[in-house]
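So that the names make sense, note that chain A is the first sequence line, chain B the second, and so on, each numbered from 1. Keep in mind that the numbers below use all heavy atoms, side chains included, and drop hydrogens, waters and symmetry copies.
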There are 2 protein chains.
Amino acid sequence: MIGQQVADSIERRSGVSLWRQIADRILQSIAAGDFIENAALPPEVALAERYGVNRHTVRSAISALVQEGVLRAEQGRGTFVLSRKRLSYPIGARTRFSAGLQGQTSERHIVLLASSIEPASQRVAEGLGLARGAGAMRLETRGEADGRPVSRAASWFDARRFAGIDAAMAETGSITASLARFGIDDYLRQSTVLSARHADAADLADLDLQPGAIVLVTVAVNVTPDGRPIQFSESRFPAERVELKLSAL
Amino acid sequence: MIGQQVADSIERRSGVSLWRQIADRILQSIAAGDFIENAALPPEVALAERYGVNRHTVRSAISALVQEGVLRAEQGRGTFVLSRKRLSYPIGARTRFSAGLQGQTSERHIVLLASSIEPASQRVAEGLGLARGAGAMRLETRGEADGRPVSRAASWFDARRFAGIDAAMAETGSITASLARFGIDDYLRQSTVLSARHADAADLADLDLQPGAIVLVTVAVNVTPDGRPIQFSESRFPAERVELKLSAL
DNA sequence: TAAATTTGTCTATTGATATAGACAACTATA
DNA sequence: TATAGTTGTCTATATCAATAGACAAATTTA
């Protein structure tokens, strides 16, 4: 009889407060398309009954989502869904930030937050095929779509081969365009490893999230068409705003 | 100077308790390989100082992880890491449960928990290319590796074409083998959409998780080599035990 | 053996979380 | 214009989460 998974019960004394769990459920509901844009949420008393909690607890959840800009509450009328669906970020052989989100947003770009040259850690050295401790250029970037942050990444490049890529990145706002300046006309995604965790303090600040949010984490290596690694990166995506669509599989 | 992301601060009044956040950090640390198997965790006072909390709060985090079987505490000696690294579950054109985990575990299989025939919901109908409301056979399964649950899935098939696949699944413990009985010698992963959320009550029970845990969610369609959809599925993976490795990209 | 280190247990106190009930303020509708 | 339905605010109480300090119990080291 049920086509979707139904699991309305809520875990008590779990280390995650009831209002945060309910807020998560409502976000899921919206992302799953249970509410059209501008649709009214069920009234607070109904939600309280559904989740088996007090009305005030539901109100805490709602007020957190109002803070996040997901809902709008109007006294006497109801509570309404503001947010659009999650962005669907494609990951495949030719993963490109801007091209991937084309059609879903009117505007998108990458901001260079910081850059530095540092000795390659073990995993960076492995990913780039460098000697451990060799110079690696690190770029800290944030991806934005329609003014909302949708990704936060650290990327490493061979500092010798790509000297000055930080300036190129700041100027062009595009990894693809920056690499082109170094003679890289095309590159491919060689590997992607995916995990998820709670957002840490840095994620919260960089991605404009509320504490307790979940981030998807990808660790990836990009290579030239002939297989030489050029970029190693770790990216974080806010799970409440982004889903990853694995394509070209 | 730092090769890895460092973010030790903890968020207060976030809806996620400090002990749960610290437990998450320790799990990340272990998964990232900061501790070798059987290595001692830093003493409680040191951890309390690092995270800026009281020793008792650290103890709450540790005791949760002891409950989960990740740590072992010994009075007078220290607290030790038990758990192995996360399993790496490959997702690609030929995603197969057992073959994918080969080499990482000595034993793995799929258990059929339940099955039923139901009218296809909208998303199932879309995924399988059926009319909405047409008969869909649903299989509820759990993947286990070395006796630990590593995945929990609901799969839907065209009930007419695959009548009896539930019995085949119960008998063989393999999707691939069951499909072979219906003349499907090969099948490909057409699409995979990935997201993450907090585990709900059903996940907690089915995957043997502690409340507050995170699950990775994939929604996928498998097709025959000539492109006809045969299986629509939603799978949940415990993020603390599994990472997804996107291959053949 | 003595001292230092580490986990385990207890008491007490404070702040955040959750419940309960009552009523005000606002909106839509019969 | 009532009335019903909804969100907003207030008070009170109970439980969980976190801090603080002290000391016991077990282990390792000097």
So does A:Val58 get a backbone contact from the side chain of A:Glu44, meaning a donor-acceptor N/O pair under 3.5 Å? no
For nucleotides 11-14 of chain C, which of its nitrogen or oxygen atoms have a protein nitrogen or oxygen under 3.5 Å away, and what is each distance?
none

To the side chain of B:Gln75, which of C:dG8, D:dT19, D:dG8 is closest? C:dG8
Assert: residue with more 5' nearest nucleotide on DNA chain C, out of A:Arg77 and A:Ser17, is A:Ser17
Options D:dG8, D:dA22, D:dT19, nucleotide nearest the side-chain atoms of B:Arg55: D:dA22
Rounded to whole angstroms, how far apart are CG on B:Leu47 and P on D:dA18? 16 Å
Per the end-axis method with five pairs at each terminus, what is the bend angle of the helix from C:dT1-D:dA30 to C:dA30-D:dT1, to 10°? 20°
No-hydrogen, no-angle side-chain donor-acceptor test under 3.5 Å, B:Trp156 and B:Glu234: no
Less than 4.0 angstrom between a side-chain N/O of A:Thr79 and OP1 or OP2 of D:dT7, yes or no? yes
Pair A:Glu243-A:Lys245, salt bridge (charged side-chain N to carboxylate O under 4.0 Å, His left out): steps then yes or no: CA-CA 6 Å; A:Glu243 66 183 17; A:Lys245 184 172 177 55; over 6 Å; no
Rounded to whole Å, please give me the gap between CZ in B:Phe80 and P in C:dT6. 11 Å
Are A:Arg86 and A:Glu240 within salt-bridge range, i.e. N to O under 4.0 Å? no
With a 4.5 Å limit on heavy-atom distance, are the side chains of A:Thr141 and A:Leu113 in contact? no
Take the protein atom CZ of B:Arg20 and the nucleotide atom C1' of D:dC16, then report the distance between them rounded to whole Å. 15 Å
From CZ of A:Arg72 across to P of D:dT7 the rounded distance in Å is 13 Å
Give the C-alpha distance, both sets of side-chain angles, the deciding distance and a yes or no for salt bridge (charged side-chain N to carboxylate O under 4.0 Å, His left out) between A:Arg152 and A:Glu140. CA-CA 8 Å; A:Arg152 177 75 177 70; A:Glu140 295 283 341; 2.8 Å; yes
Min side-chain heavy-atom separation B:Leu244-A:Val193 under 4.5 Å: no
Minimum-distance nucleotide (side-chain atoms of B:Glu44 versus C:dG8, C:dT17, C:dT27): C:dG8
Between CH2 of A:Trp19 and P of C:dT19 the distance, given in whole Å, is 14 Å
Salt bridge (charged side-chain N to carboxylate O under 4.0 Å, His left out) between B:Arg108 and B:Glu144, worked out: CA-CA 5 Å; B:Arg108 61 226 163 256; B:Glu144 299 180 358; over 6 Å; no
Heavy atoms only, 4.0 Å cut-off, all strands: where does B:Val53 land among base, sugar-phosphate and nothing? sugar-phosphate
Neighbour count >12 (heavy atoms, 6.0 Å) for atom CD, B:Glu49: no
B:Arg142 with B:Asp208: basic N within carboxylate O range, under 4.0 Å: no
From C-beta outward on B:Leu18, which listed nucleotide comes closest to its side chain: D:dG8, D:dT19, C:dG8? D:dT19
Any residue in residues 57-66 of chain B with a heavy atom nearer than 4.0 angstrom to DNA chain D? Just list them by number, or reply none. B:Thr57
Can you measure B:Gln21 atom CD to D:dA17 atom C1' for me and round it to whole angstrom units? 12 Å
What nucleotide among D:dT19, D:dT9, D:dT6 has an atom nearest to a side-chain atom of B:Asn54? D:dT19
Work out which heavy atom in B:Ser115 is nearest to a heavy atom in B:Met137; give both atom names and the distance. CB-SD, 4.4 Å
Close side-chain approach of B:Tyr51 to B:Thr57, heavy-atom, < 4.5 Å: no
